[in-house]
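Since the structure comes first, as structure tokens, the remarks are kept for the end.
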Amino acid sequence: MRVLVLYCHPVDTSYHASLHQQVLRSLRAAGHEVDDCDLYAEGFDPVLSREERLGYHDVPANRVPVQRYVERLQWAEALVLCFPTWCFGLPAMLKGYCDRVLMPGVAFDIRDPQHVKPALTHIRRISAVVTYGRPRWTAWAMGDPPRKIVTRYLRMLTGARARVDYHAHYHMNVATPESLERFRAKVGRAMERLA
């Protein structure tokens, strides 16, 4: 399967960086073709400019500023998102990717605004590897926006066809080396079984 990995963390020595490497190793070991999109390493600009917003509905000209990222998304049959949760949301860099790349003519068809149609119907699988500083109950109390974006919004853009799984390690602030290693191993197994 062709897998686009969207990775978003600025620190290459972080625990999340080790999760990212585990994701890549396990996907490749399972025989998947992997496009590793490291948003920080690639210097992705998350800011939706005034000009881009004014041209947001101008399909297909709207994709010109992010054409390379659009092509990579359209190539993929699966998405694996690997990111930390900050302030109970997506990191700004990943949110900016969503704002700039998941646009009309790419992620959805808005020619009939009353009946918006999904356009990521080629995506069959979505998986997320996410860390949280706080416990699960706190994320739940806040509505857990990252979980909903992955398991509801992204899936909706596939026409509700993609199978989705969400792997979360909560309460990183009190994590132990053992819990971190268990989670990394769990992520590795999940990526090896991605189909």
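When atom types are taken as modelled, the side chain of Arg125 and the backbone of Arg163 share a donor-acceptor pair closer than 3.5 angstrom.
More than 12 heavy atoms of other residues, nucleotides or ligands lie within 6.0 Å of CZ in Arg184, so this atom counts as buried by the packing criterion. Around CH2 of Trp140, the count of heavy atoms belonging to other residues, nucleotides or ligands within 6.0 Å does not exceed 12.
A donor and an acceptor atom, one from each side chain of His171 and Asn173, are nowhere located under 3.5 Å apart. Side chains of Ser18 and Gln22: no donor on one and acceptor on the other come within 3.5 Å. A donor-acceptor contact under 3.5 angstrom links the side chains of His16 and Thr131, judged on distance only. At a cut-off of 3.5 Å, with distance as the only test, no side-chain donor of Asp38 or His20 sits close to an acceptor on the other residue.
In this view, Tyr15 satisfies the ring-ring contact (aromatic ring centres under 6.0 Å, His included) rule with no residue, not counting sequence neighbours.
Scanning both residues, Val59 and Pro104, for their nearest heavy atoms gives CG2-O, 3.4 Å. Annotation for Arg63 and Gly105: closest pair NH2-O, 2.9 Å, computed over non-hydrogen atoms. Across all non-hydrogen atoms, the minimal contact from Pro65 to Asn62 is CD-O, 3.4 Å. Counting all heavy atoms, side chain and backbone alike, Arg155 lies closest to Ala160 at NH2-O, 2.7 Å.
Contacts classified as side-chain hydrogen bond (donor to acceptor under 3.5 Å, both in side chains) and involving residues 84-99 (residues at least two apart or in different chains) are given here: Lys95-Asp99.
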Kindly indicate, with the supporting measurements, whether the criterion side chain to side chain contact (heavy atoms under 4.5 Å, CB included) is fulfilled by Leu39 and Tyr7.
-> CA-CA 6 Å; Leu39 294 172; Tyr7 172 62; over 6 Å; no
Glu42/Arg72 under salt bridge (Lys or Arg N to Asp or Glu O under 4.0 Å): CA gap, chis, key distance, verdict | CA-CA 13 Å; Glu42 294 185 14; Arg72 294 165 81 178; 2.9 Å; yes
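Looking at Arg136 and Asp144, their side chains come closer than 4.5 Å, going by heavy atoms from C-beta outward. Counting only heavy atoms from C-beta outward, the side chains of Tyr166 and Ile126 never approach each other to under 4.5 Å. Tyr40 has its side chain within reach of Cys8: a pair of non-hydrogen atoms, C-beta onward, lies under 4.5 Å apart. Between Leu120 and Leu73, the closest side-chain pair of non-hydrogen atoms falls below 4.5 Å. When side chains are defined from C-beta on, Pro91 counts as touching Pro84, because their heavy atoms get closer than 4.5 Å. You'll find the side chain of Val5 stays beyond 4.5 Å of the side chain of Asp35, heavy atoms only. Two residues are said to be in side-chain contact when any heavy atoms from C-beta on lie closer than 4.5 Å; Leu154 and Leu102 meet this criterion.
Rounding to the nearest 0.5 Å gives a distance of 7.0 Å between CZ of Arg53 and CG of Leu48. Taking CG of Leu194 as the start and CZ of Arg124 as the end, the distance is 9.5 Å to the nearest 0.5 Å. Between Glu77 atom CD and Arg2 atom CZ the span is 4.0 Å, to the nearest 0.5 Å. Atom CE of residue Met191 and atom CG of residue Leu19 lie 10.0 Å apart, to the nearest 0.5 angstrom.
Centroid-to-centroid, the aromatic rings of Tyr132 and Phe88 stay 6.0 Å apart or farther.
In this pair, Tyr56 and Phe108 present their aromatic rings tilted. The plane angle is within the 30 to 60° band.
Cluster annotation: Ile149 and Tyr170 are assigned to the same hydrophobic cluster (Ile/Leu/Val/Met/Phe/Trp/Tyr, side-chain heavy-atom contacts under 4.5 Å, transitive). Note on Val106: it clusters hydrophobically with Phe44, by side-chain heavy-atom contacts below 4.5 Å among ILVMFWY residues. Leu6 and Val187 fall into different hydrophobic clusters, where Ile, Leu, Val, Met, Phe, Trp and Tyr residues are linked whenever their side-chain heavy atoms come under 4.5 Å apart, directly or through other members.
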